[in-house]
Trainee: 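Sharing a structure, written as structure tokens. Questions coming.
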There are 2 protein chains.
Amino acid sequence: MDDGSRAPSSPPTLHDVAREAGVSVATASRALNGSTRNVRSENVSRVRAAAARLGYEPHLSAQAIAKGSTPTVALVVRDVADPYFSSIAAGVTEAAEAARLIVTMAVADRSPERELEIVRTLRGQRPRVIIVAGSRVDEGPDGDKGGPATREALADELEQYRTAGGRVVLISQRDLPFGTVTIDNHGGSRRLAGALLGLGYRRFAILRAPDAIRTSRERVAGFLAGLGSAGPAEPLVVETEFTREGGYDAARALAERGLGDVEIVFAVNDVMAIGAMTALRDAGITPGAGVAVAGFDDIGSAVDVFPGLTSVAVPLRDAGRQAVRLALSDGGAREVRIETEVVVRASTPPRRA
Amino acid sequence: MDDGSRAPSSPPTLHDVAREAGVSVATASRALNGSTRNVRSENVSRVRAAAARLGYEPHLSAQAIAKGSTPTVALVVRDVADPYFSSIAAGVTEAAEAARLIVTMAVADRSPERELEIVRTLRGQRPRVIIVAGSRVDEGPDGDKGGPATREALADELEQYRTAGGRVVLISQRDLPFGTVTIDNHGGSRRLAGALLGLGYRRFAILRAPDAIRTSRERVAGFLAGLGSAGPAEPLVVETEFTREGGYDAARALAERGLGDVEIVFAVNDVMAIGAMTALRDAGITPGAGVAVAGFDDIGSAVDVFPGLTSVAVPLRDAGRQAVRLALSDGGAREVRIETEVVVRASTPPRRA
DNA sequence: TTGTACGCGTTATCAT
DNA sequence: ATGATAACGCGTACAA
């Protein structure tokens, strides 16, 4: 009974196309991919027609093995569902598709070890490019978490890949010897701090992520630099997760044990800041009125929360695009710097002195 | 000058490993992948050690060509940066990695034609599974937009892929003959309408997307069904884009030309609803107080906007997971149904009659 | 248990 | 311009 579930027949190969068109495989190959110029136009159309008739699609793996590498860009992110990374991913896919490259994506959510494992198996894919965004494997000031061992292993792995002819680009992680797209975290938060001082704020709380995350470190450092050592009161620094929940929990805890004289909460990214806003509101404190809030990244929803979230705009999608361009451009381990820009919104109203 | 940019040397192959370990390629292959049992454990460790020493990674394309298919799941989405799709993508990658499968992702942002093109080249990848989420290629009631031609071509393409042994799963698109993860859009919005009637709302505006998008059609139909034909006043239906901007623009236009007696705006997804909330606020109307707002999907930020957005929860991440499971399970074109649940928040306060 | 040899689908080299 | 044929790296019958 022919119920639609036929036995899987293998897809047509170049041989089939050649036979159908009455030419050799070599000619068929040339007609479809290679130097079309050296094939009689009549044969070209014959082959093309045969291919269409059979529904032929070249076997990418076979091409890859014959040519050497796969037309793919491998992207490693910490969490696709996080708007930070999905924006980068959007930029990467955009640029990759423009260069007729396929994007493969892996999520290193769990741990630095997982990230290492991913890069290892990625090497097996022989992609043209590997892009690692927002790694956790990073020497903290005390060289903790990710662990120098894991870090070394990752660098080794990437180095082997590069030695074999692959291109490596890191996003936001300056101190490994590869092509890098850096985001001006330090400058951005420094200027943000300046802007907030200008608005009249003096007593700060900072929600930061664990030290293993370089982005967080840089943003905190920049912010403190912007406040100036001789400046206002010592800010209250709280460590939490680098996620919306982390921001919520930290702000909640803060509100419950009393905010004291804190006038404004700066979270090192927007998802944390937005979580914090909700936590404050849940605790009966109106963001913007009771306590001001500022974030970093200027993700899409920053304009849709209420009040609008003051933040530092990072053109993440562009960062993704640049990463691909950097990888594809010749020339050694260069660096592309992504500039950031302070965006003041209603979550940090001017404060009269 | 050895400035770090050595000539790219080719990566070690199984031959190299075999030689290094002093065994044949066959033994090396068996030791690393296949039937480990039939290899002297001494040789197993020798081979493993040699592989580690050389930093060997098996060439996936070569394995693929020897075995027949690639250990990958290909995912097609409309837009990675949209939380709807990035949540699905998160679920897909989670389940795929659990099955030791690589995820390749393509974005069909532009057009149905682009989607067709993508699926075509995807076939060349010989993935184990193709998952298409939120296609635009879909017969509208009037069979417009995507065009029956493109639609047919896509179905053909997928059918050829399946005939060749591939697994196809569609997310939220019931009427193509493939495995499908359907989301209870109709039921969800029907119940939402019921809940809103129960809260006292009688005069509705609906923000919907173009008919080519099945999800939108179903949600509108369900909502109208929930209102009941003999019910309240004829709702005002506005067509716009299926994006945050679409929601913003439509609500803005609505507010500018006067909302009349509209009590509540239902947008067919949350990003539209959230855009609409901001538009209303920009027009001086407080969401929840002046006009109520409801959406669909219950994306993460629904709880972080103010007031909290009433919506219909869709376990998107789970949908992604299920899609992979469905694809991997044996058995023909089955269907997995994802249930939805109304979540009432402050954006639709009870209305006294 | 191990090794030899062939096949997978494609491109590239070398004749013709 | 075209057609054999040898790679490419790996898995796996088959033979030893």
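Chain A is the first sequence line, chain B the second, and so forth, proteins listed ahead of strands; every chain is numbered from 1.
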Trainee: Got a list of protein N/O to nucleotides 11-14 of chain D N/O distances below 3.5 Å?
Mentor:
| residue | atom | partner | partner atom | Å |
| --- | --- | --- | --- | --- |
| D/dG11 | OP1 | B/N33 | ND2 | 2.8 |
| D/dG11 | OP1 | B/Q63 | NE2 | 2.7 |
| D/dG11 | OP2 | B/S29 | OG | 2.9 |
| D/dG11 | OP2 | B/N33 | ND2 | 3.4 |

Trainee: Among pairs that include at least one residue of residues 25-34 of chain B, which meet salt bridge (charged side-chain N to carboxylate O under 4.0 Å, His left out), considering only residues two or more places apart or in two chains?
Mentor: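 For residues 25-34 of chain B: none.
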Trainee: Can you name the residues that form a side-chain contact (heavy atoms from CB on, under 4.5 Å) with B/S29, not counting sequence neighbours?
Mentor: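 side-chain contact (heavy atoms from CB on, under 4.5 Å) list for B/S29, sorted by chain: B/L14.
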Trainee: Can you list the residues that meet the side-chain contact (heavy atoms from CB on, under 4.5 Å) rule with A/V324, with sequence neighbours excluded?
Mentor: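 A/V324 satisfies side-chain contact (heavy atoms from CB on, under 4.5 Å) with A/V92, A/A95, A/I131, A/L328 once adjacent residues are dropped.
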Trainee: What residues, two or more places apart in sequence or in another chain, satisfy side-chain contact (heavy atoms from CB on, under 4.5 Å) together with A/R325?
Mentor: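 Here the qualifying residues are A/R321, A/Q322.
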Trainee: Within the structure provided, determine whether B/R78 and B/V107 are in side-chain contact (heavy-atom separation under 4.5 Å).
Mentor: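 They are not in side-chain contact.
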Trainee: Taking five pairs at each end, how big is the angle between the two axes of the helix from C/dT1-D/dA16 to C/dT16-D/dA1, to 10°?
Mentor: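 The helix from C/dT1-D/dA16 to C/dT16-D/dA1 shows an end-to-end axis angle of 40°.
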Trainee: Report the residues that fulfil salt bridge (charged side-chain N to carboxylate O under 4.0 Å, His left out) with A/R46, sequence neighbours left out, ordered by chain and then residue number.
Mentor: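 Partners of A/R46 by the salt bridge (charged side-chain N to carboxylate O under 4.0 Å, His left out) criterion, ordered by chain and then number, come out as A/E42.
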Trainee: Would you kindly give the CG-to-C1' distance between B/L32 and D/dG9, to the nearest whole Å?
Mentor: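 The distance from CG of B/L32 to C1' of D/dG9 comes to 13 Å, rounded to the nearest Å.
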Trainee: So, is A/S24 close to the D/dG3 phosphate, meaning a side-chain N or O under 4.0 Å from OP1 or OP2?
Mentor: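 Affirmative; the distance criterion is met.
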Trainee: Would you tabulate the side-chain donor-acceptor contacts of residues 49-57 of chain A under 3.5 Å, counting partners in other chains and residues two or more places apart, or write 'none'?
Mentor:
| residue | atom | partner | partner atom | Å |
| --- | --- | --- | --- | --- |
| A/R53 | NH1 | A/E20 | OE2 | 2.3 |

Trainee: Whole angstrom is fine here: how far is it from CG in A/N38 over to P in D/dT2?
Mentor: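 Rounded to the whole Å, the gap is 9 Å.
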Trainee: Where does the chain A footprint on DNA chain C start and end, counting 5' to 3' with a 4.0 Å heavy-atom cut-off?
Mentor: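 Nucleotide range in contact with chain A: C/dG9 to C/dT13.
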Trainee: Excluding sequence neighbours, so at least two apart, what forms side-chain hydrogen bond (donor to acceptor under 3.5 Å, both in side chains) with A/T121?
Mentor: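 Not a single residue meets the side-chain hydrogen bond (donor to acceptor under 3.5 Å, both in side chains) criterion with A/T121.
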Trainee: Roughly how many Å is it from NE2 in A/H15 to C1' in D/dA4, rounded to a whole number?
Mentor: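 Result: 11 Å.
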Trainee: By side-chain contact (heavy atoms from CB on, under 4.5 Å), which residues pair with A/A327, not counting sequence neighbours?
Mentor: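 Applying side-chain contact (heavy atoms from CB on, under 4.5 Å) to A/A327 gives A/V129, A/R167, A/V169.
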Trainee: In a table with atom names and distances, give each donor-acceptor pair under 3.5 Å that connects a side chain of residues 65-73 of chain A to protein atoms at least two apart or in another chain.
Mentor:
| residue | atom | partner | partner atom | Å |
| --- | --- | --- | --- | --- |
| A/S69 | OG | A/R128 | NH1 | 2.6 |
| A/T70 | OG1 | A/Q125 | O | 2.9 |
| A/T70 | OG1 | A/R126 | O | 3.0 |

